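So the structure is just underneath, and the comments pick up after that.
Remember, it's a predicted structure, so these values are computed and weren't measured experimentally.
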Amino acid sequence: MKKTLAMLLALTMLFALCACGQQAAAPAAAPAAEPAAAPATAEPAAEPAVAEPAADSDLAYVKANGKLVVGITDFEPMDYQDADGNWIGFDADLATAFADSLGVKVEFAEINWDNKVLELNGKSIDCIWNGMTITPEVASATSCSNPYMRNAQVVVLPAAEAGKYASVEDMKDLTFAVEAGSAGEGAVAELGFKATPVTAQADALLEVKAGTSDACVIDLLMAVAMVGEGTSYADLTYTFSLNEEQYGVAFRQGSDLTEALNAFLAEQFKAGALDKLADTYGLTGSVIAQ
């Protein structure tokens, strides 16, 4: 009996211990939390738009280069070389003075006159300044200065032949040498006469002197300086005037050099410098008031 009671007591104590053990057991660990997702990397903020710098003005461009490149041809008395190879003439001297007023040097570049606007827009030159007639074509493709000199296109032929022609119409069967792209070429084309294009007006005179062309059409101001007694072409003469025209200087479209030159021309005219320069090169009375 005692033995039975002892066994019952042992079992009771065992159950109690098991119950206590279950209560004391640490609660099951909660499943580990998912690691917090790393915040999405923000797209880098867009760089603030930087305005493109405004294109430099032609005036600033010329000053930065330290020179004004002037497109010319050999055209006495406007642009031609002296015995030392220096460019002189009404336009050459005036262009030099204008460059000086800008604080830069002048550089003369001989160009093919037929390509003058291409040369200008390609920036191989900064202006066309060579007894340039202001034609509708030039005015629409460039920025032209105010006109500063009067001119005309005239017929030049051997003096011995001049008496044969009482009018321009009488010359319809002649062959005329003309500078390609010039106002002279345009005047001959308008008449419907036969023309032989050459590189420069000086070449047109050579054609007539050599007899390879019957006549030529060149600028009156060039004819006055280069044709007749006391010149290199004493056996040639100029006769009929085909039109009236004006000279100007061409810059790139929208160029602020145009305004700068107009102001310069007005100052030079007021000071009497334009008339004085015209007298120097035998062009008295040709200057247009500014």
Of all heavy-atom pairs between Tyr238 and Ala223, which one has the smallest distance, and what is that distance? CD2-CB, 3.7 Å
Atom NZ of Lys276 and atom OG1 of Thr284: how far apart are they, to the nearest 0.5 Å? 13.0 Å
Got Phe193 and Lys172 here, is their nearest side-chain heavy-atom distance under 4.5 Å? yes
So, taking the atom named CD in Gln153 and the one named CD in Glu185, what distance separates them when rounded to the nearest 0.5 Å? 11.0 Å
Ion pair check, Arg252 and Asp126, cut-off under 4.0 Å: yes
Assess the residue pair Leu205 and Leu236 against the criterion (side-chain contact (heavy atoms from CB on, under 4.5 Å)); give the C-alpha distance rounded to whole Å, side-chain angles, the decisive distance to 0.1 Å, and a yes or no. CA-CA 9 Å; Leu205 286 173; Leu236 303 183; 4.2 Å; yes
Please check: side-chain N/O of Asn243 versus main-chain N/O of Ala152, any donor-acceptor pairing under 3.5 Å? no
Check: Asp93 side chain, Phe90 main-chain N or O, donor-acceptor pair, under 3.5 Å: no
Got a donor-acceptor contact below 3.5 angstrom from the Asp58 side chain to the Ser255 backbone? no
Could you go through Leu221 and Tyr281, starting from their C-alpha distance and side-chain angles, then the distance that decides it, and tell me whether this counts as side-chain contact (heavy atoms from CB on, under 4.5 Å)? CA-CA 10 Å; Leu221 300 186; Tyr281 290 102; over 6 Å; no
Between Cys127 and Val249, which heavy-atom pair has the shortest distance, and what is it? CB-CG1, 4.1 Å
What is the distance from atom CG of Asp91 to atom CD1 of Ile128, rounded to the nearest 0.5 Å? 12.5 Å
Side-chain heavy-atom pair Cys216, Phe176 within 4.5 angstrom cut-off: no
One should read off an interatomic distance between Phe108 CZ and Asn130 CG, to the nearest 0.5 angstrom, of 10.0 Å
Are Val156 and Thr237 side-chain neighbours, meaning at least one heavy-atom pair lies under 4.5 Å? no
Between Asp84 (side chain only) and Asn86 (backbone N and O only), is there a donor and an acceptor less than 3.5 Å apart? no
Side chains of Gln253 and Ser143: is there a donor and an acceptor less than 3.5 Å apart? no
Got a second to check how far Ile111's CD1 is from Glu119's CD, nearest 0.5 Å? 6.0 Å
Closest heavy-atom contact between Ser57 and Ala60? OG-N, 3.0 Å
Where Val178 and Gly184 come nearest, the two heavy atoms and their spacing: CG1-O, 3.9 Å
In one Ile/Leu/Val/Met/Phe/Trp/Tyr side-chain cluster, 4.5 Å: Ile134, Leu257: no
Stepwise, does the side-chain contact (heavy atoms from CB on, under 4.5 Å) test hold for Leu265 with Leu94? CA-CA 9 Å; Leu265 290 174; Leu94 195 55; 3.9 Å; yes
Val138 vs Cys144 side-chain heavy atoms within contact, under 4.5 Å: yes
Should Val70 and Met132 be regarded as members of a common hydrophobic cluster, given that ILVMFWY residues are connected when their side-chain heavy atoms come within less than 4.5 Å of each other, either directly or indirectly? no
Applying side-chain hydrogen bond (donor to acceptor under 3.5 Å, both in side chains) to Tyr148 and Asn262, what does each step give before you reach the verdict? CA-CA 9 Å; Tyr148 62 90; Asn262 286 340; over 6 Å; no
Are Glu207 and Val198 packed together at the side-chain level, in the sense that at least one heavy-atom pair is separated by less than 4.5 angstrom? yes
Taking Leu261 as the starting point, is it possible to reach Leu68 by hopping between hydrophobic residues whose side chains are less than 4.5 Å apart? yes
Donor-acceptor contact below 3.5 Å, side chain Lys105 vs main chain Asp100: no
Which atom pair, heavy atoms only, marks the closest approach of Ala266 to Gln290? CA-CB, 3.8 Å
Taking all non-hydrogen atoms of both residues, which atom of Ala215 and which atom of Leu157 are closest, and how far apart? CB-CB, 4.0 Å
Tell me if a side-chain donor or acceptor on Thr73 pairs with a main-chain N or O of Phe75 at a distance below 3.5 Å. no
Do Thr142 side-chain atoms and Ala139 backbone N/O form a donor-acceptor pair below 3.5 Å? no
Testing the 3.5 Å rule here: is there a donor-acceptor pair between the side chains of Asn151 and Tyr247? yes
Lys/Arg-Asp/Glu bridge criterion (N-O < 4.0 Å) met for Lys164, Glu161: yes
Less than 4.5 Å apart, any side-chain heavy atom of Leu283 and any of Met149? yes
Are any non-hydrogen side-chain atoms of Val155 and Leu242 less than 4.5 angstrom apart? yes
In the single-linkage hydrophobic clustering (I, L, V, M, F, W, Y; side-chain heavy atoms under 4.5 Å), do Leu174 and Ile218 co-cluster? no
Counting only N and O atoms by type, is there a donor-acceptor contact under 3.5 Å from the side chain of Arg150 to the main-chain atoms of Ile288? no
Here the gap from Ser182 atom OG to Lys116 atom NZ, rounded to the nearest 0.5 Å, amounts to 7.5 Å
Taking the side chain as everything from C-beta on, heavy atoms only, tell me whether Thr199 gets closer than 4.5 Å to Trp113. no
Please check if the side chain of Gln201 supplies one atom and the backbone of Asp219 the other of a donor-acceptor pair under 3.5 Å. yes
Given the rule that I, L, V, M, F, W and Y join up when any side-chain heavy atoms are under 4.5 Å apart, are Val168 and Tyr165 in one cluster? yes
Does Lys123 make a cation-pi contact with Tyr61, if we ask for NZ or CZ under 6.0 Å from the ring centre and within 45° of the axis? yes
Would you say Thr212's side chain and Val208's backbone share a donor-acceptor pair under 3.5 angstrom? no
Show your reasoning for whether side-chain contact (heavy atoms from CB on, under 4.5 Å) applies to Phe269 and Asp275. CA-CA 7 Å; Phe269 179 78; Asp275 286 326; 4.2 Å; yes
